[in-house]
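Positions are given from 1 along the sequence.
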Amino acid sequence: LAWAWCCSLSRLCGATEGWDIAASIYSDQYCFQRCQDMLLLDGACYSTMAYTNTSSSFRVKIVNYGHKGEGWIIDYQEFSDDCITPVVSAASLPVGPCVNFLGRYRGQLQVKKRGGRCVGTDCSNLAVGEQNFYAAERCTGDPIMSLRRFVPLQGECLVTNNKSSQKFVLMPDQNETRIHQIDHPEDDKCSSIFPVDYNVVGRCYTLYDERSPRSFMWTAHRRTTALLAGTWHA
């Protein structure tokens with residue numbers, strides 16, 4: 001029971017369960033003129049796109065889960081790279097009110113539960129990709145937990161190392177892991193003229209022959225088998 005309670009409050013007990021952040025972005029001070037709605041994966045490194053030219057990426061992370069009557073709190077921070085070097089200190093934002101968000105813009109934040117047991121409009125339909133690496137060949141043994149990676153699969157622009165970016169789109173193959181990966185080398189806005197495309201399926205891939213990790217695998221997690229990939233852009 002203790003494990004189940006912690007799992008319900010924590011960010012991710014697995015890619016099938018978690019809390020996502022719904023952000024409505026506004027161009028005015030009082031959050032009347034809505035620009036865009038985003039559904040964000042806790043801890044993912046998103047490109048700031050055209051919202052600001054003073055940073056490359058931003059990250060949101062739930063730090064208070066509203067237990068014992070407390071309010072939900074989400075840490076927001078912008079970075080000059082792939083969410084390693086901050087350009088400003090983290091801001092602790094409450095859920096609900098109109099707050100500063102994404103450069104000069106304002107936003108209202110909500111939390112949405114992701115999981116098969118969640119029913120209703122307050123649930124998240126975010127599809128999430130899980131990438132696991134293995135020290136052994138053929139993806140045998142336990143995954144290397146420090147390398148485990150979770151990414152959203154709706155075509156959001158994510159910042160990676162070397163000022164690069166990438167998108168992941170879940171293809172609508174029912175009950176299969178089939179992901180379209182688009183890399184943008186040396187472009188942190190997913191706007192390069194010649195992106196590099198990959199089609200990833202749910203099988204084991206060989207990585208290195210002489211050192212760990214030697215293999216990796218992707219798994220797609222979605223709310224229903226009918227979930228279709230969408231797009232996310234500024």
Side-chain angles (χ1 to χ4, degrees), residues 3 7 10-18 20 40-49 55-61 77-87 114 126-222 229 232:
W3 177 87
C7 188
S10 66
R11 178 180 68 87
L12 213 55
C13 295
T16 57
E17 299 281 340
D20 299 323
L40 304 170
L41 179 64
D42 187 326
C45 186
Y46 291 89
S47 172
T48 52
M49 302 295 286
S55 61
S56 292
S57 64
F58 74 94
R59 182 174 61 201
V60 288
K61 183 174 178 59
Q77 195 164 22
E78 295 181 20
F79 302 83
S80 62
D81 47 24
D82 53 329
C83 292
I84 295 176
T85 308
V87 297
R114 173 168 29 85
L126 189 71
V128 177
E130 177 182 352
Q131 186 181 27
N132 281 302
F133 295 85
Y134 299 83
E137 298 176 351
R138 297 184 293 277
C139 298
T140 56
D142 294 330
I144 303 172
M145 299 301 293
S146 61
L147 298 181
R148 176 173 287 177
R149 183 187 186 198
F150 298 102
V151 299
L153 298 176
Q154 284 68 222
E156 301 92 332
C157 185
L158 306 175
V159 178
T160 61
N161 58 354
N162 299 323
K163 284 284 188 176
S164 300
S165 55
Q166 57 187 180
K167 294 181 178 183
F168 297 90
V169 178
L170 177 62
M171 307 308 290
D173 297 68
Q174 291 191 357
N175 301 319
E176 290 185 32
T177 292
R178 191 174 296 276
I179 300 168
H180 185 202
Q181 176 180 336
I182 309 103
D183 289 354
H184 295 265
E186 300 182 357
D187 183 318
D188 62 3
K189 306 296 184 187
C190 293
S191 59
S192 61
I193 299 177
F194 301 106
V196 182
D197 293 65
Y198 304 93
N199 288 313
V200 180
V201 297
R203 66 172 180 84
C204 185
Y205 290 87
T206 299
L207 192 56
Y208 300 116
D209 292 331
E210 303 297 331
R211 62 183 178 91
S212 175
R214 289 180 170 82
S215 57
F216 70 92
M217 177 183 290
W218 281 96
T219 305
H221 304 274
R222 49 193 144 192
W232 183 92

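No donor-acceptor pair closer than 3.5 Å links the side chain of T140 to the backbone N or O of R138. A donor-acceptor contact shorter than 3.5 Å is absent between the side chain of E176 and the backbone of G202. For S80 (side chain) and V87 (main-chain N/O), no donor-acceptor pair under 3.5 Å exists by modelled atom type. No donor-acceptor pair under 3.5 Å is formed between the side chain of T177 and the backbone N or O of T219. In this structure, the side chain of K189 engages the main chain of M49 through a donor-acceptor pair within 3.5 Å. Formation of a donor-acceptor pair under 3.5 Å by the S57 side chain with backbone atoms of D82 is not found in this model. Remark: the backbone N or O of S192 is paired with a side-chain donor or acceptor of D187 at under 3.5 angstrom.
One finds the CZ atom of R214 at 13.0 Å from the SG atom of C139 (value rounded to the nearest 0.5 Å). To the nearest 0.5 Å, the span separating CZ on R149 from CD on Q131 amounts to 6.0 Å. Going from atom OH of Y198 over to atom NE2 of H180 covers 11.0 Å, rounded to the nearest 0.5 Å. Taken from CG in N161 to CG in D188, the straight-line distance is 12.0 Å, to the nearest 0.5 Å. In this structure, CG in D81 is found 7.5 Å from SG in C45, a value given to the nearest 0.5 Å. Rounding to the nearest 0.5 Å gives a distance of 10.5 Å between CD of Q181 and CG of L153.
Across all their heavy atoms, A220 and L170 have their closest contact at CB-CD1, 3.6 Å. What you find for N132 and P143 is that their closest heavy atoms are OD1-CB, 3.7 Å. The two residues P195 and I182 make their nearest non-hydrogen contact at CB-CG2, 3.6 Å. Considering every non-hydrogen atom in both A127 and Q154, the closest pair reads N-OE1, 2.8 Å. Summarising the geometry of K167 relative to C157, their closest heavy-atom pair is CG-CA, 4.1 Å, with the distance given to 0.1 Å. Across all non-hydrogen atoms, the minimal contact from S215 to E137 is OG-C, 3.9 Å.
Below 30°, between 30° and 60°, or above 60°: for W218 and F168 the angle between ring planes is between 30° and 60°, a tilted geometry. The aromatic rings of F216 and F133 are tilted relative to each other, their planes meeting at an angle between 30° and 60°.
More than 12 heavy atoms of other residues, nucleotides or ligands sit less than 6.0 Å from atom CG of D197. With a 6.0 Å radius and a threshold of 12 heavy atoms from other residues, nucleotides or ligands, R148 has its CZ atom above the threshold.
For the pair V128/E130, no side-chain contact is recorded, criterion being any heavy-atom separation below 4.5 Å from C-beta on. Between F79 and T48, every side-chain heavy-atom pair lies at or beyond the 4.5 Å cut-off. Side-chain contact between L126 and E156 is present, with at least one heavy-atom pair separated by less than 4.5 Å. R114 places a side-chain heavy atom less than 4.5 Å from the side chain of L41. Between P152 and L158, some side-chain heavy-atom pair lies under the 4.5 Å cut-off.
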